[in-house]
Number of protein chains: 4
Amino acid sequence: MSNAPRRADARRNRERILQAAFEAFAADGRLVPLDDIARRAGVGAGTVYRNFPTKEALFRAVVTTRIEQIVEDAEALRDADDPAGAFYGFFARVVERAMYNHALCDALADDLSGFDTCGVDDRFTAGLGVLLRRAQAAGAVRSDVDVQDVRALMVGAMHMERAHRREGRRGRMTLLASDALRPTTKRNETLDPRNGTRCEICGNPITPAPTGRPARYCSASCRQKAHRRKQAAAKSG
Amino acid sequence: MSNAPRRADARRNRERILQAAFEAFAADGRLVPLDDIARRAGVGAGTVYRNFPTKEALFRAVVTTRIEQIVEDAEALRDADDPAGAFYGFFARVVERAMYNHALCDALADDLSGFDTCGVDDRFTAGLGVLLRRAQAAGAVRSDVDVQDVRALMVGAMHMERAHRREGRRGRMTLLASDALRPTTKRNETLDPRNGTRCEICGNPITPAPTGRPARYCSASCRQKAHRRKQAAAKSG
Amino acid sequence: MSNAPRRADARRNRERILQAAFEAFAADGRLVPLDDIARRAGVGAGTVYRNFPTKEALFRAVVTTRIEQIVEDAEALRDADDPAGAFYGFFARVVERAMYNHALCDALADDLSGFDTCGVDDRFTAGLGVLLRRAQAAGAVRSDVDVQDVRALMVGAMHMERAHRREGRRGRMTLLASDALRPTTKRNETLDPRNGTRCEICGNPITPAPTGRPARYCSASCRQKAHRRKQAAAKSG
Amino acid sequence: MSNAPRRADARRNRERILQAAFEAFAADGRLVPLDDIARRAGVGAGTVYRNFPTKEALFRAVVTTRIEQIVEDAEALRDADDPAGAFYGFFARVVERAMYNHALCDALADDLSGFDTCGVDDRFTAGLGVLLRRAQAAGAVRSDVDVQDVRALMVGAMHMERAHRREGRRGRMTLLASDALRPTTKRNETLDPRNGTRCEICGNPITPAPTGRPARYCSASCRQKAHRRKQAAAKSG
DNA sequence: AATGAATGAGGATTCATTCAT
DNA sequence: GATGAATGAATCCTCATTCAT
């Protein structure tokens with residue numbers, strides 16, 4: 001990126017600011033005082049302003065970075081074998097990432113156009129669109145929704161999760177929201193955990209085997225995805 | 001209410017403050033400066049404080065009033081002939097009222113307990129619960145969701161509507177969210193307006209007649225409800 | 001007084017305001033909001049302003065009233081048989097009345113001249129002066145102090161009492177302050193309660209009798225004074 | 001102190017704030033608006049808050065600093081040759097410093113415990129206690145008073161001085177208050193300046209010599225102390 | 001290039017005083 | 001005359017942004 005400073009220590013500072021800002025914005029939204037961010041990053045307030053002209057610009061940079069990761073996720077799934085799993089898994093992961101992250105949530109709800117770090121928004125829409133259309137072609141998603149609908153549904157799901165903190169029900173609202181997208185015949189009646197289990201990744205139902213340890217994921221690929229996802233989460237806080 | 005002042009001008013002021021606060025909070029959420037509210041109401045800041053001990057108290061009063069109207073709506077539908085229409089219509093109306101109203105939206109998402117204007121939250125939950133259970137008994141709502149799910153879904157729908165401002169699509173996300181609640185066999189595939197139409201009130205599909213002016217509502221009772229709703233909206237701003 | 005309104009209810013209001021103000025000022029000093037006083041008096045704020053042009057004026061009126069009572073006390077002692085008892089008893093009573101009364105304390109410390117309720121300050125000084133000179137003539141007070149010294153010493157004693165709240169030591173600092181006024185040979189070495197007792201009223205030492213119930217006051221007249229004082233205290237709160 | 005900023009200008013500002021606060025609090029007590037202090041210090045309000053988290057904290061810092069100086073004074077006298085002079089001189093100096101200083105006066109009257117700048121209060125009590133006990137052992141202070149009495153008497157003396165502003169009588173009430181502490185036989189009858197003079201430092205009587213310039217201090221050591229005291233006063237404002 | 005100090009507008013709240021009812 | 005509602009200046013404190021070191 002052109003914004004990256006030449007000197008090594010300056011580059012390091014930029015990273016630390018972004019990281020600190022990410023954490024702070026995630027926890028408290030745009031309201032965190034900039035000084036707090038600077039302190040968490042271990043730099044002076046002035047240094048933040050050297051790197052980002054405005055608090056708002058910092059916010060956008062943070063969010064852009066985050067969405068870029070999401071976009072990469074989407075693009076990696078572009079040719080996945082299982083269009084349904086790819087789509088619903090992506091849906092769930094986006095919600096999971098953003099649901100306790102005020103900043104990201106706002107960003108996905110707002111229009112990101114006007115951001116200087118150009119194109120993330122478009123790339124996000126495009127990536128999601130590919131997954132959506134493939135899933136629709138595979139008959140896994142109803143045909144009367146478009147990519148804007150799905151995006152809005154994601155935003156809604158984030159807020160639902162937040163509005164619904166009940167112990168042990170994390171992800172329940174995401175599943176419910178997904179159901180709005182499934183074609184009639186594919187709908188699960190298994191929201192109630194007593195009625196069966198669903199794959200945490202793609203939301204497909206898991207047929208319980210009569211013997212052996214109960215399956216947690218619907219397939220090997222989903223198990224693998226869950227693993228990678230945990231590692232990523234550990235790293236990015 | 002016992003809070004109402006005796007003098008006529010004071011009562012008028014109290015109303016103006018509530019009205020101004022309603023508008024301001026609706027537009028910008030809790031963040032609006034109290035001075036702005038006072039100015040919009042055409043009174044001094046002190047007058048606001050005479051009526052409400054705290055900005056937060058004012059916020060709660062505004063929101064409580066609003067929710068009380070909603071609760072009355074719910075309670076009026078308690079014995080409606082058409083449980084499905086009653087439930088989905090109520091769902092849509094709550095979302096409609098709150099979707100551009102940051103204050104109300106926050107209030108429904110948060111827990112309202114702790115509010116001094118006692119019981120609104122509980123009454124809301126209770127009223128919604130009645131509608132939900134009747135609709136479930138009538139087979140119009142899937143049986144694996146409870147009242148907290150529905151409440152969270154409402155909150156989600158409000159945000160979806162906000163995240164999805166496209167001209168002519170108002171209410172689309174509400175319908176989509178509702179679909180998450182319908183049992184498999186009842187699901188509509190008509191979200192796309194080209195594929196058919198649904199009643200704005202209860203969300204039921206409208207079978208287009210080959211002749212005559214296209215129907216907008218599914219029944220006379222829904223037409224009547226829509227009419228009353230418009231009038232109420234006009235009055236309360 | 002010329003300030004007294006003609007109508008009976010108005011006069012009653014004036015009294016209630018003065019009483020409420022007395023209590024409020026005594027407890028919290030000049031800082032109490034005027035609205036609080038009005039509420040305690042059971043009248044509107046406007047009524048207070050009808051009677052007293054300013055909060056400050058009300059304060060002065062309250063204090064003046066109070067000091068008038070003290071002045072009457074002094075004037076009643078003008079010809080007392082026991083000049084020493086009269087002086088030291090008066091000293092102790094003034095301190096006792098004012099020590100937890102912020103308002104009165106301030107008033108005695110400040111110069112009251114400039115007050116519209118004319119003459120209290122002068123009358124206080126005059127009354128105290130009489131008692132002082134008679135006690136000096138009787139050899140009970142050192143001759144190198146004047147009335148201003150005594151007044152200042154009273155103010156000091158009030159603050160000492162406040163600064164010295166130890167259980168069971170009420171009045172100790174007043175006695176100590178009095179000692180500064182006694183001529184050398186009359187000084188008590190009995191401040192420590194274990195070393196003997198002193199009359200609560202006039203501060204004279206009480207010679208313990210070998211038999212009978214221990215004496216509390218030095219004379220019948222002091223016992224009587226203490227009695228009257230308790231009754232007065234009960235009435236005025 | 002660890003609170004001192006590294007940068008020179010910041011340190012200067014901190015000093016100016018403390019100085020301005022000292023003056024303002026001294027003159028008007030805790031009530032001075034913080035903005036006034038800021039203005040007097042020539043800084044913005046924010047700068048004050050950078051240095052002291054609260055107005056109250058600033059007040060405490062000011063007062064603590066002042067009391068620390070006093071404590072040092074007391075500790076320096078711990079082994080003085082002349083216990084009587086040490087005690088009475090210290091007494092007079094504390095009163096002198098605090099008498100027109102509302103802040104310090106309040107602080108000495110209140111309990112300072114709870115202050116974060118730990119121990120000043122205890123150190124003050126301890127230092128005063130040493131001086132008191134030595135003076136008592138030397139027969140210069142009556143034996144029935146304890147350190148709390150003396151502290152309260154100091155507070156009283158400050159208020160007396162304030163209540164007694166007569167030209168040329170500065171310190172008179174302090175001497176009078178001291179007299180309450182002297183054992184009977186040591187009491188001076190020389191409060192009236194016409195009857196003789198007393199050392200400003202230790203309060204001992206000065207026997208006027210028939211010839212030569214009238215003595216102002218009772219001894220060379222007191223003259224020296226007075227000199228040092230003036231210089232210190234000049235420095236600290 | 002970094003630091004962290006300074007700024008000062010702005011926001012919530014209080015309260016003496018005035019004034020419509 | 002009484003009431004209590006309205007006013008708005010004043011006060012404490014916060015925080016985005018600028019700037020001296």
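Every chain is numbered from 1, with letters handed out A, B, ... down the list of sequences. Computed from a predicted structure; not experimentally measured.
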Quiz item: Rounded to the Å, how far apart are B/Arg16 CZ and F/dA6 P?
Solution: 10 Å
Quiz item: Between A/Arg162 and A/Tyr100, is NZ or CZ placed under 6.0 angstrom from the six-membered ring centre and within 45° of the ring axis?
Solution: no
Quiz item: Toward the 5' end of DNA chain F, which comes first, B/Gly44 or D/Leu31, by nearest nucleotide?
Solution: B/Gly44
Quiz item: What's the closest nucleotide to the B/Asp9 side chain, out of E/dG4, E/dT7, E/dT21?
Solution: E/dT21
Quiz item: F/dA2 phosphate, OP1 or OP2: any side-chain N/O from C/Asn13 under 4.0 angstrom?
Solution: yes
Quiz item: Can you tell me if the side-chain N/O atoms of A/Arg50 get under 4.0 Å from OP1 or OP2 in E/dA2?
Solution: yes
Quiz item: Does D/Thr47 put a side-chain nitrogen or oxygen below 4.0 Å from OP1 or OP2 of E/dT7?
Solution: yes
Quiz item: Salt bridge between B/Arg11 and B/Glu15, side-chain N to carboxylate O under 4.0 Å?
Solution: no
Quiz item: Starting at CZ of B/Arg30 and ending at P of E/dG11, how long is that distance when rounded to a whole Å?
Solution: 18 Å
Quiz prompt | Comparing A/Gly46 and C/Gly46 on DNA chain E - which has the more 5′ nearest nucleotide | solution = A/Gly46
Quiz item: To the nearest Å, how far apart are C/Phe59 CZ and E/dT17 C1'?
Solution: 19 Å
Quiz prompt | Options F/dT18, F/dT14, E/dA5, nucleotide nearest the side-chain atoms of D/Ala10 | solution = E/dA5
Quiz item: Do you know which two heavy atoms are closest between D/Ala107 and D/Ile67, and how far apart they sit?
Solution: CB-CD1, 4.2 Å
Quiz item: To the side chain of C/Lys55, which of F/dT11, E/dT17, F/dT17 is closest?
Solution: E/dT17
Exercise. On DNA chain E, check which nucleotide each of B/Thr54 and D/Asp35 is closest to and give me the residue with the more 5' one.
Key: D/Asp35
Self-check item: Pairing partner (Watson-Crick or G-U wobble, both distances under 3.5 angstrom) of F/dC13
Solution: E/dG10
Self-check item: Whole angstrom value for the distance that separates P of E/dT7 from OH of A/Tyr49
Solution: 17 Å
Practice problem: Searching all strands shown, indicate the nucleotide that pairs with F/dT21 (Watson-Crick or G-U wobble; both distances under 3.5 Å). | Solution: E/dA2
Practice problem: Kindly indicate whether a cation-pi arrangement holds for D/Arg30 with D/Phe25, taking the cut-offs as under 6.0 Å to the six-membered ring centre and within 45° of the axis. | Solution: no
Exercise. Ignoring hydrogens and angles, state whether a donor on the side chain of C/Gln19 or C/Glu23 is under 3.5 Å from an acceptor on the partner side chain.
Key: yes
Exercise. May I have the distance from B/Arg12 (atom CZ) to F/dA6 (atom C1'), rounded to whole angstrom?
Key: 13 Å
Self-check item: Separation of atom CG in C/Asp28 from atom P in E/dC15, rounded to whole Å
Solution: 11 Å
Quiz item: Taking B/Lys55 for the side chain and B/Pro33 for the main chain, is one N or O donor matched with an acceptor at less than 3.5 Å?
Solution: no
Self-check item: Nucleotide F/dA5, atom C1' - distance to CG of B/Asn51 in whole Å
Solution: 9 Å
Quiz item: Checking all strands, does D/Val32 fall into the base, sugar-phosphate, or nothing category for heavy-atom contacts under 4.0 angstrom?
Solution: sugar-phosphate
Self-check item: Per A/Leu34 side chain, nearest of listed nucleotides F/dA16, F/dG1, E/dA12
Solution: F/dA16
Quiz prompt | Integer-rounded Å distance: F/dG1 P and C/Ile17 CD1 | solution = 13 Å
